[in-house]
Trainee: 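The structure under discussion is supplied below as structure tokens; questions concerning it will follow.
Small disclaimer: the values here were computed from a predicted structure and weren't measured. In this chain, numbering begins with 1 at the start of the sequence shown. Both ligands and their constituent atoms are indexed starting at 1 by order of listing.
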Amino acid sequence: MANHVAKSCKPKHVDLRINTFMQKWNPKMRGLPQELKGMINVARKYSLRIEGLAFSRDIMRALPMWDHIYAPARAISRLLYPSRIVTCLRCNHHAKLVGDFERLAEVLKNGTHRASANCGCAGCKRLRDDDACENPHLCCTRARDLIVCLPDKWNPMLRHPEDYERDGMKALEQQIIDEDEIPFDRCITTYGDASQVFRIFTSSTLVFNGIAPMELCESGPTLEVATDGSCTNNGDADARAGAGVFIAVDSELNRSVRIPEGIEQSNQTGEMIATLTAA
Ligand SMILES: [Zn+2]
Ligand SMILES: [Zn+2]
Ligand SMILES: [Zn+2]
């Protein structure tokens, strides 16, 4: 498929065209094998794309850097405009995926690294010896600039929910006194490999590509909220459901809600609307 593209297709090098859904390039549909054509058409028809609330670093790293689907096209093409550095990145460092560029960018973080072509730090030395790179500092700087271009949600060098969400859940579990209580699972990160990022039936609106702030406020006040749903004549045609939120006697935050006509009248919807109202 990567070979079957228009002459003007970018990225120009076939080995950089890794996945038509993770990158912006498209194959030429005419002349594609029927099975491939069918699969692509179904994917397009039902809006298959990569999306999710948060991803593990392993997933961010596994996506192609060149032509990255969510990277701003102009900034990226300026940074990847043919030059000695860009050729070195591709041919000597074999940098294709976000993770490859991240490894290069990490060299700059080492305290012994100096901003010069003949820096003698361990990272630069390794790139000179193993990759025959003439100027590791320039290559690593370019790699870092590219990573910085990625939307925050896709930048593995930033802090993400993956870094704290499981500890947050453990803290919640420890607060539980009553054995019957189940803490709400607030983990939002998609784990696994790059095959886990595809979503189908997505809406046409743009995805939010920032980082979802999922940190729990550690020392804030706590509020105990009771919710309940109820339904008279549950299961019958004349069922009428309601929802309640209780904080304290005479609290301004207490709520009672009659489930609107358009929503199924049942005890279940009552319970759900109660939780939603409390949130
Ligand atoms: Zn160095
Ligand atoms: Zn280089
Ligand atoms: Zn109930």
Trainee: Would you check if the Zn ion (ligand 1) lies under 2.8 Å from any N, O or S atom of Cys119?
Mentor: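 Given the 2.8 Å cut-off, Cys119 counts as a ligand of the Zn ion (ligand 1).
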
Trainee: What angle, to the nearest 10°, do the atoms SG (Cys133) and NE2 (His93) form about the Zn ion (ligand 2)?
Mentor: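 Value, to the nearest 10 degrees: 100°.
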
Trainee: His113: which N/O/S atom is nearest the Zn ion (ligand 1)?
Mentor: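 Closest to the Zn ion (ligand 1) among those atoms: ND1.
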
Trainee: Quick test of your reading of the model: are Asp131 and Arg126 salt-bridged, counting only N-O distances below 4.0 Å?
Mentor: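 The answer is no: the pair does not qualify as a salt bridge.
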
Trainee: Any N/O/S atom of Cys124 sitting less than 2.8 Å from the Zn ion (ligand 1), backbone or side chain?
Mentor: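 Checking the Zn ion (ligand 1) against Cys124, an N, O or S atom does fall under 2.8 Å.
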
Trainee: Validate the cation-pi geometry between Arg166 and Tyr191: distance from NZ or CZ to the six-membered ring centre under 6.0 Å, angle to the ring axis within 45°.
Mentor: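 Verdict for Tyr191: a cation-pi partner in Arg166.
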
Trainee: Which word best sums up how the rings of His137 and His113 line up, parallel for under 30°, tilted for 30 to 60°, or perpendicular for over 60°?
Mentor: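 His137 and His113: parallel rings.
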
Trainee: Could you go through Asn110 and Thr112, starting from their C-alpha distance and side-chain angles, then the distance that decides it, and tell me whether this counts as side-chain hydrogen bond (donor to acceptor under 3.5 Å, both in side chains)?
Mentor: CA-CA 5 Å; Asn110 191 314; Thr112 58; 2.8 Å; yes

